[in-house]
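Some notes on the structure that comes next.
Not measured: the values here are computed from a predicted model. As the structure lists them, so they are numbered: ligands from 1, and atoms in each ligand from 1.
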Amino acid sequence: MTQNRYVDTRGSVSVGVPFTEAVIEGLAPGGGLFVPEHIPAFSLEEIVSLASLPYAQRAARVYKAFDIDLPDEEVDALMADAYGDNFDTADICPVVSLDEKTHILELWHGPTSAFKDMALQCLPRFFAASAKHLREQGKIGHEFLILVATSGDTGKAALEGFRDQEGVKIAVMYPDGGVSDIQYKQMATQEGDNVMVWGVRGNFDDCQTGAKAVFGDEAFNDRLMEERKIALSSANSINWGRLLPQVVYYLSSYAMLVAQGKLEAGQELDVCVPTGNFGNILAAYYAKRMGAPIGMLFCASNENRVLTDFINTGVYDISDREFVLTPSPSMDILVSSNLERQLFELTGRDAEAIKGWMEDLKREKRFQVDKETFAQMRELYASDSVDSATCLETIRKVFEETGYLLDPHTAVAFEAAQRLRGENPVLVASTAHWAKFGEAVYRALHGIDLQDALPEAVSALTGCQLNNLIQRETGASEVPAGLARLDAMTVRFTDVIEGDTDAIERAVLAFCAQ
Ligand SMILES: *Cc1c(COP(=O)(O)O)cnc(C)c1O
């Protein structure tokens, strides 16, 4: 059997590496992103038949189709562990239908109540297994520090996934003051012996840029290896091991909709995704490539609409763009790293073109794709951006009309889907439980504008107390246990650091010395 190997989007990996190495390395040596040489295809029958399997086995089937270099039994065991009773429903990610043609894919039933769990209950287990596998082959003899930049949800999900994994430490950086009270407490109270959390003065892009600089600092990486026998790796959505688990749920939800009689087998389903780093929607693209009858991919942006403008013009331009804080902070992103993979695919895997555009982006803060690539992009994608006021209005309207409570990220996607949809039914990716963003939801339900103050009695509440209030007022289902108990937990991490390379490297060294 020829093994599926991984090449990179900037052409620096001439001989592909196996899955285990792509997962461990995260980013390719030249700064490119790993992609598999072959994308497997599933027949319609194979896709539809996934519905008869438990979710963990659907995931295992997809992984095996990608022909990863771990034994089948191990893949089965890791998946059973990743998608088990750590989720609050046996369906793992159920699809709820608001009407005949509007389906909500609930991706937030994992331990941290955000869709990042779908990937980050899976990746750390495969990471640890891959490291063990490579150690046994004598390819590595060191341990790992996972360094994560987060706009809120990734950090907690990564901490939860990597906590107490052997041979791995994890450090998370989030924008200080740029995450919700609930998100902050989720991270600051993180348990586990191998974890660290830092607030960073700046926004998410500062965190991400800082992390990238540390990854790119060879002298620092050498020093960490010499002094501590530790290599840096990434659990950000640029890691292929983050992306692959996300492909599973698009195949799986198609199968479930057919099994529930809501789709004819083969009927096209459009997919709308609230997009930040372009990982989640890219997974839908790969599911389509694998054979899922997915029609259009709707890319929903908030007021940080760089992707919407790109999809509508072919120009990716952040040279004159203000970073806007919105009620959907996990989409407050200007540099959408995973877009690079999409462009690689659309150009017929032209690493030279990608390298050029990424250099343009670095130098001029903009790039423009060629006509052909743009035309292909337009065939696959449509995009719109939803402003913050409309986002809150959507939460209120959908609740009043259907009794279903959307979180602000999902609301952005829901509204974009209404604007972009045609005849096909639409699957809206729901990426967070509403209780992660209670303040925005409270404002939405009470018609309080974002710039206006909350009533004093309300602003005095903790995130947990506010959620209880919303729950009582709306009769919404119980707040997930992991969120409900946050006030009762001890804050372990309070450090705030600068976002420059030096400051992060000092913090990393101090943590590794512990
Ligand atoms: C991360 C995240 C997104 C954006 O997903 P990408 O894969 O980065 O595009 C959207 N909503 C929520 C709640 C998230 O946590």
Side-chain angles (χ1 to χ4, degrees), residues 33 93 104-120 123 148-158 160-161 172 174-175 178-180 182-183 186-187 204-205 207-208 234-240 242-247 249-250 271-287 297-302 304-308 310-311 326-342 381 383 385-386 391 395 406-414 416 428-438 440-441 480 483:
L33 311 187
C93 49
I104 309 281
L105 170 57
E106 294 184 344
L107 296 170
W108 36 259
H109 288 273
T112 80
S113 304
F115 104 95
K116 301 293 194 293
D117 288 330
M118 294 303 301
L120 281 166
L123 167 74
V148 181
T150 184
S151 56
D153 290 338
T154 306
K156 174 60 183 180
E160 199 55 43
V172 168
Y174 68 91
V179 301
S180 74
I182 292 277
Q183 287 178 318
Q186 278 188 306
M187 291 188 276
F204 170 62
D205 274 316
C207 293
Q208 197 173 40
S234 155
N236 277 7
S237 64
I238 50 178
N239 192 308
W240 178 259
R242 277 278 299 278
L243 207 59
L244 191 49
Q246 300 183 11
V247 177
Y249 52 70
Y250 289 108
V271 172
C272 186
V273 183
T275 303
N277 228 344
F278 213 77
N280 200 2
I281 197 164
L282 181 67
Y285 162 79
Y286 279 118
L297 301 169
F298 298 143
C299 172
S301 300
N302 63 21
N304 295 292
R305 48 175 294 151
V306 59
L307 282 169
T308 298
F310 174 68
I311 289 167
T326 74
S328 46
S330 294
M331 302 160 72
D332 290 346
I333 288 173
L334 292 181
V335 181
S336 285
S337 311
N338 262 305
L339 181 62
E340 182 170 340
R341 283 194 172 103
Q342 182 65 78
Y381 288 92
S383 182
S385 83
V386 174
C391 166
I395 294 174
L406 300 171
D407 101 288
H409 303 77
T410 311
V412 166
F414 187 92
V428 176
S430 175
T431 50
H433 190 280
W434 64 263
K436 284 204 80 171
F437 302 95
V441 172
L483 299 181

Under 6.0 Å between the ring centres of Phe310 and Phe278?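 Not close enough - the centres of the two rings lie 6.0 Å or further apart.
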
Which residue owns the protein heavy atom closest to [atom], what's the atom, and how far is it?
| atom | answer |
| --- | --- |
| atom 7 (O) of ligand 1 | Asn280 N, 2.9 Å |
| atom 9 (O) of ligand 1 | Gly276 N, 2.8 Å |
| atom 13 (C) of ligand 1 | Asp153 OD2, 3.1 Å |

Measuring from atom 8 (O) of ligand 1, which candidate in Leu307, Asn277, Thr410 has the nearest non-hydrogen atom?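 Closest candidate by heavy-atom distance is Asn277.
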
Using 0.5 Å steps for rounding, measure from the [atom1] atom of [X] to the [atom2] atom of [Y].
| X | Y | atom1 | atom2 | result |
| --- | --- | --- | --- | --- |
| His109 | Asp117 | NE2 | CG | 11.5 Å |
| Cys272 | Ile281 | SG | CD1 | 7.0 Å |
| Ile395 | Phe414 | CD1 | CZ | 11.5 Å |
| Leu123 | Arg242 | CG | CZ | 7.5 Å |

Ala114 heavy atom under 4.0 Å from ligand 1: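 Ala114: no contact with ligand 1 (<4.0 Å).
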
One pair to check against side-chain hydrogen bond (donor to acceptor under 3.5 Å, both in side chains): Ser383 and Thr308. What are the steps and the verdict? CA-CA 5 Å; Ser383 182; Thr308 298; 2.9 Å; yes

Does ligand 1 come near enough to [X] that some N or O of the ligand is less than 3.5 Å from an N or O of the residue?
| X | answer |
| --- | --- |
| Gln246 | no |
| Thr431 | yes |
| Ile333 | no |
| Gly279 | yes |
| His409 | no |

Using a 3.5 Å distance criterion without hydrogens, assess whether the side chain of Glu160 forms a donor-acceptor pair with backbone atoms of Thr112.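 Checking the backbone N and O of Thr112 against the side chain of Glu160, no donor-acceptor pair under 3.5 Å is found.
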
In terms of side-chain geometry, is the basic nitrogen of Lys436 or Asp153 positioned less than 4.0 Å from the acidic oxygen of its partner?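 Asp153 and Lys436: salt-bridged.
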
Please identify which atoms of ligand 1 are closer than 4.0 Å to at least one heavy atom of Thr275.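 In order of numbering, the contacting atoms are 9 (O).
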
Counting from 1, what ligand 1 atoms have a heavy atom of Ala432 closer than 4.0 Å?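 Here the atoms of ligand 1 in question are 13 (C).
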
Side chains of Asn277 and Asn338: any donor to acceptor distance under 3.5 Å?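 Their side chains do not contain a donor-acceptor pair, so the 3.5 Å distance test is not met.
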
Just heavy atoms, cut-off under 4.0 Å: does Phe115 contact ligand 1 by side chain, backbone, both, or neither?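 Under 4.0 Å from ligand 1, Phe115 contributes side-chain atoms alone.
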
Answer side chain, backbone, both or neither: which part of Lys116 comes under 4.0 Å from ligand 1, heavy atoms only.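 Just the side chain.
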
